[in-house]
Amino acid sequence: MRDHLLVVSDLRQIVGENNVISDADLMAPYCVDWRGRFRGSALAVVKPASTDEVAAIVKYAQAHGLSIVPQGGNTGLVGGSVPLGNGNELILSLARLNRIRSIDTATDSVVVEAGVSLAGLQAEAEAHERLFPLSLASEGTATIGGAIATNAGGTATLAYGNMRELVLGLEVVLHDGRIIHGLKQLRKDNSGYDIKQVFIGSEGTLGIVTAAALKLFPQPKSRLTAFCGLQSPEHALKFLELTKRSSGALLTTFELIPRLGLDLVLRHFPASRDPLFATHHWYVMLEFSSAAASLADMVAEQVIATAIELAIIEDGVFAKSLAQSDVFWALRENLPSAQTKEGASIKHDISVPLARIPGLIEAVNRDVLSVMPDIRPLPFGHLGDGNLHYNFQAAIGSDSRAFLARSEEIHAIVYRHVAEADGSFSAEHGIGQVKRHQLSHWKDEISLDVMRQLKALFDPDGRLNPGKVV
Ligand SMILES: Cc1cc2nc3c(=O)[nH]c(=O)nc-3n(C[C@H](O)[C@H](O)[C@H](O)COP(=O)(O)OP(=O)(O)OC[C@H]3O[C@@H](n4cnc5c(N)ncnc54)[C@H](O)[C@@H]3O)c2cc1C
């Protein structure tokens, strides 16, 4: 292998002196994942500013037997964006590919480079009176490339779909440096195999996304956020059915939160307040939006009134201003951080068919509590999509290490019930390093074989994000 110093100097020839980091301290933040569970090391962090520079780096890596770990905002939750530390990896940061190339308000589409943050694109769309709907708690840092590579979901999937549904076209650098120029902004294009789909959700293992053509939507003129208290997940499901039936496409968010979740946010974010007068076992935060002025408000008020009348929910409150809506959203979005502040937790990102959710929660809690009676179940999240972050918080004052040492036991219980319900062990976060060793339990042999063949086709030397997914 080429000498480390020569590699750094060669890369500087491609991207400029200041755009290669090789100092270990400066590389450290790029080498550890968001949750601090995976730490690796790399030969260098390279920061190209154009698709051609990405292609040149990939060709260089191929010529010198180096591997490439694509990295966007490094907010991924499965260890996919950090190197393994096997001595020959380059971190390819897409941060400098940060231009919005064009916005077309006639076709409601935008062409954007991979390193633009989700929040940056949302703001740009808003400046053109459009909506880019993908919304995650990490949107200030997470990038378009990362969201495509992980097929990210989030709080608006219910209405607008995952990232996959928002992609019209992709520009991708292949393992040998060739570039697929696929940025057509067409709503219909059945001209053969739809190659871009292969890269969406491939977690940087099949190609490097450098730009994307994405869908935009009309900006909502009315939007109403509500926070409701209810008795059980069964009631939440009935509430979802009622809401979908009565409001159709106006329903954009439907998030489930147990009392423990709200308690943790109230405890660790002292500025937050319980929006409801009484205490409830469960909560739903939901949002309606419409391109027609006042429609969302009208429909939402009717739906909530009917739900109270039918005793499906116990209480509900509307945000009367944008500021109050932000307060409700903060209760939901601060939940993952509140969990971290509270102490150790064991996490799962699962999905099951909607009708199975109440039974799943009952069975999983029962079985987990039977082996760890003081554990605190905290299933929350995107109920509208059948996706729960099925987490468990350690008992107050318990030993974190001893608690986490029992993770596998808890995973086994959760995943057994998820499998019985015909669900998925990775609803929106991907496989990365964390779930790679379990993939074979969840896919049939033929699907696994096709996945391996795709990997061999798009990355014959195994240099694109090695040790991730397959
Ligand atoms: C607080 C918090 C909340 C979150 N909420 C959600 C949520 O609601 N829904 C959800 O789906 N996820 C969520 N996530 C996970 C994460 O934010 C998303 O997966 C996000 O899309 C990752 O974007 P990123 O730019 O940070 O990607 P990174 O973390 O940098 O990379 C993620 C993966 O994509 C690959 N990759 C990155 N850029 C490219 C590229 N240009 N080309 C090819 N491969 C690339 C990496 O190699 C890696 O495998 C959350 C994370 C946090 C920290």
Side-chain angles (χ1 to χ4, degrees), residues 29-30 32-36 38 40 45 48 51 54 58 67-84 89-98 112-121 134-157 161-164 170-175 198-212 253 255 332-340 347 349 351 380-382 385 387-389 426-434 436 458-459 464-469:
Y30 298 86
V32 59
D33 75 311
W34 181 273
R35 286 184 179 151
F38 292 94
V45 177
T51 305
V54 172
V58 171
S67 301
I68 286 188
V69 182
Q71 192 176 96
N74 199 13
T75 66
L77 298 176
V78 289
S81 52
V82 293
L84 302 176
E89 289 158 295
L90 298 175
I91 295 175
L92 180 69
S93 164
L94 280 304
R96 289 178 68 230
L97 270 84
N98 59 4
V112 58
E113 291 185 345
V116 171
S117 71
L118 292 175
L121 179 54
L134 194 84
S135 180
L136 324 172
S138 55
E139 64 200 16
T141 312
T143 62
I144 294 300
I148 291 169
T150 57
N151 185 26
T155 48
T157 298
N162 293 322
M163 191 64 182
R164 185 183 300 284
L170 288 184
E171 181 184 86
V172 181
V173 174
L174 299 178
H175 76 102
V198 166
F199 301 104
I200 303 170
S202 69
E203 301 183 47
T205 62
L206 301 181
I208 294 152
V209 175
T210 47
T253 293
E255 296 286 307
R332 165 64 183 89
E333 297 205 322
N334 286 331
L335 184 41
S337 310
Q339 265 201 280
T340 309
K347 296 175 194 276
D349 164 37
S351 58
F380 71 94
H382 318 303
D385 314 321
N387 172 198
L388 290 179
H389 299 307
S426 182
E428 59 175 11
H429 295 158
I431 299 297
Q433 298 185 57
V434 177
R436 189 174 176 234
F458 284 99
D459 184 22
L464 292 177
N465 219 0
K468 319 288 166 54
V469 187

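Ligands are counted one by one from 1 in listed order, and the atoms in each one are counted from 1 as well.
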Open item on the list: Regarding ligand 1, does P70 bring an N or O atom to under 3.5 Å of one of the ligand's N or O atoms?
Closed with: yes

TODO: May I ask whether H429 has any heavy atom positioned less than 4.0 angstrom from an atom of ligand 1?
DONE: yes

- [ ] Could you find the nearest protein heavy atom to atom 33 (C) of ligand 1 and give me its residue, atom name and distance?
- [x] T150 CG2, 3.7 Å

Open item on the list: Please determine whether any non-hydrogen atom of S337 lies less than 4.0 Å from an atom of ligand 1.
Closed with: no

Task: Distance from atom 29 (O) of ligand 1 to nearest protein heavy atom, with residue and atom - done: G76 N, 2.7 Å

Open item on the list: Going by the closest heavy atom to atom 8 (O) of ligand 1, which one wins out of Q433, M163, E428, Q71?
Closed with: E428

Open item on the list: Pairing donors with acceptors under 3.5 angstrom, does anything connect the side chains of N387 and D349?
Closed with: yes

Open item on the list: Test your reading of the structure: does A152 have an N or O sitting under 3.5 Å from an N or O of ligand 1?
Closed with: no

Open item on the list: Looking at ligand 1, would G153 count as a contact under a 4.0 Å heavy-atom criterion?
Closed with: yes

TODO: Assess E333 for proximity to ligand 1: is some non-hydrogen atom of it under 4.0 Å away?
DONE: no

TODO: Would you check the N or O atoms of L77, main chain and side chain alike, for any that come under 3.5 Å of an N or O of ligand 1?
DONE: no

TODO: Could you tell me how the ring of F199 sits relative to the ring of F458: parallel (under 30°), tilted (30 to 60°) or perpendicular (over 60°)?
DONE: perpendicular

Open item on the list: Taking 4.0 Å as the limit for heavy-atom contacts, which would you say applies to P336 with ligand 1: side chain only, backbone only, both, or neither?
Closed with: neither

Task: Geometric N/O contact S138 with ligand 1, under 3.5 angstrom - done: yes

Open item on the list: Looking at ligand 1, is there an atom of it that comes within less than 4.0 Å of some heavy atom belonging to G432?
Closed with: no

TODO: Pick, from L136, V209, I91, T143, the option with the minimum heavy-atom distance to atom 6 (C) of ligand 1.
DONE: L136

- [ ] Write out the residue and atom name of the closest protein heavy atom to atom 22 (C) of ligand 1, then the distance separating them to 0.1 Å.
- [x] T75 OG1, 3.4 Å

- [ ] Indicate, as side chain, backbone, both or neither, the part of V69 found under 4.0 angstrom from ligand 1 when only non-hydrogen atoms are considered.
- [x] neither

- [ ] Give the residue and atom name of whichever protein heavy atom lies nearest to atom 35 (C) of ligand 1, and the separation in Å to one decimal.
- [x] A149 CB, 3.6 Å

